[in-house]
Amino acid sequence: NRLLNEFFEIEAFVDERGAIIIGDILDLRRTAKIMKEIGVDGITGTAPAILFLIEHLKDINFDFDKVCFVRTIVATLKERRAIRSYFKNAYFFEGYGFGEFDGGVGVTCKEFGYSDFSSGPTFYHPKSRAFVEIVDIQSNEILPAGEIGEIVVSHLDIESPFPLIRYKTGDKGKIGIKKCSCGLSNVKLYYLGRIRNDVIKVGGIIFTLEDVEAAIKKMGDVVEEKFVMKISQEIINDKLVCQIEIDVLPKFSYLLPEIIADKFSEAYKVSARTSLKEVVESGLFLPPIIKFLTKDEYKQIERSKIVDLI
């Protein structure tokens, strides 16, 4: 699970024996060619990794219709729809979990498998070794089924080398108790997003409020410190791309939004060596949109924040 953000598995069946091939996220072109040569039955990985891979599969005229299953980890509705638009015949699995919890917390209902993802939210059936609670975000009191709070998970596998007891996930959700047509479980865990948006991961890139504040501070000669950053996803030409908008107050009336956008793209580092500008040039993100606030609008911002519009 700890490697899911860096690698994804390609599952192929050769001579009726299951074989797992580890794809190289740093060489997706080669991975795509191997998939075509072997003739894989399924693929599993994070949604951003699969979407990156799709672009290379398209280049070599890969037969998407032959893939019979796709497995992802907590994807957004737009990510699911984008993947589904290519793997039209595939059965979809999706898991809810995180690196600290070995084996995942929950799995999607069987009814999810051939869904067209026209609606949400998605619910997950908790696995037998996962004890899930919903607690009040402020008081930590356990909430009854149907009420929204923070998802808290305990690991019931005593053989696990790293058991977790009442682990606070930082995720918002609720539990539903109702007979499910799939017969897997009557308990439904609804994932409703993060409680706080100080850290948002989209398109494989992590945005933290602290890092964005640092980038804006580097631009202190042209904009004021407080800001509102909005993150969204759009499907353009059959490709899912990410868009960020930053609302700021310019210090001078002659400044152009495009100049501020370019400065921010260079100032924000998605890794030690890579700037947001390079990610934009790769086509994963659209160029940032800068919206200039009025002084009255700026005064209404109590503190800088990131708004998740996905």
Side-chain angles (χ1 to χ4, degrees), residues 1-6 44-48 71-77 79-80 92-112 119-202 204 206-211 231 303 305-310:
N1 281 330
R2 296 181 186 278
L3 296 178
L4 280 176
N5 290 330
E6 300 177 35
T44 174
T46 62
R71 185 167 60 198
T72 62
I73 304 292
V74 189
T76 67
L77 190 59
E79 285 172 338
R80 294 180 196 129
F92 269 62
F93 301 87
E94 186 173 305
Y96 169 73
F98 34 86
E100 295 86 349
F101 198 99
D102 183 36
V105 175
V107 293
T108 45
C109 171
K110 293 179 182 178
E111 301 296 329
F112 177 87
S119 62
T122 299
F123 64 83
Y124 304 88
H125 289 305
K127 293 186 176 182
S128 58
R129 58 180 171 179
F131 182 72
V132 181
E133 301 170 280
I134 305 296
V135 303
D136 185 272
I137 295 171
Q138 301 298 329
S139 68
N140 289 324
E141 293 183 5
I142 299 174
L143 298 175
E147 292 196 23
I148 296 174
E150 182 172 4
I151 300 173
V152 173
V153 180
S154 295
H155 203 311
L156 301 183
D157 186 355
I158 60 175
E159 296 181 358
S160 171
F162 186 45
L164 293 175
I165 306 299
R166 306 203 74 205
Y167 178 80
K168 300 187 71 175
T169 63
D171 293 337
K172 184 166 57 177
K174 66 179 181 178
I175 290 177
I177 308 294
K178 186 177 181 181
K179 186 176 181 179
C180 187
S181 58
C182 75
L184 189 60
S185 171
N186 292 336
V187 180
K188 300 177 179 179
L189 171 62
Y190 291 84
Y191 168 73
L192 304 175
R194 297 289 292 172
I195 292 173
R196 295 182 62 189
N197 285 332
D198 286 0
V199 179
I200 293 180
K201 183 175 181 179
V202 58
I206 296 176
F207 289 92
T208 70
L209 183 61
E210 182 180 1
D211 288 343
I231 301 180
R303 69 179 187 92
K305 62 181 179 180
I306 301 177
V307 180
D308 185 354
L309 300 178
I310 296 174

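Checked by atom type and distance alone, the side chain of E150 pairs as donor or acceptor with a backbone atom of G170 at under 3.5 Å. Remark: the backbone N or O of T108 is not paired with any side-chain donor or acceptor of H125 at under 3.5 angstrom. A donor-acceptor pair is defined here as one N or O able to donate and one able to accept, closer than 3.5 Å; such a pair exists between the side chain of S154 and the backbone of R166.
N140 places a side-chain heavy atom less than 4.5 Å from the side chain of K168. Between V153 and L164, every side-chain heavy-atom pair lies at or beyond the 4.5 Å cut-off. A 4.5 Å side-chain heavy-atom check between I177 and V187 finds at least one atom pair inside the cut-off. Within the 4.5 Å cutoff, the side chain of I175 has no heavy atoms near those of the L143 side chain. By the 4.5 Å heavy-atom criterion applied to side chains, Y191 and D171 are counted as neighbours.
Scanning both residues, I73 and E94, for their nearest heavy atoms gives C-CG, 4.4 Å. Here the closest non-hydrogen pair linking Y96 and I151 is OH-CD1, 3.7 Å. Here the shortest heavy-atom pairing between C109 and F123 reads CB-CE1, 3.5 Å. A75 approaches R80 most closely through the heavy-atom pair O-NH2, 3.0 Å. Closest heavy-atom contact between D136 and Q138: OD1-N, 2.8 Å. Between L189 and P126 the shortest heavy-atom distance is CB-CG, 4.3 Å.
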Check against side chain to side chain contact (heavy atoms under 4.5 Å, CB included), K174 and E147: CA-CA 6 Å; K174 66 179 181 178; E147 292 196 23; over 6 Å; no
Worked check of side chain to side chain contact (heavy atoms under 4.5 Å, CB included) between I231 and I306: CA-CA 8 Å; I231 301 180; I306 301 177; 3.9 Å; yes
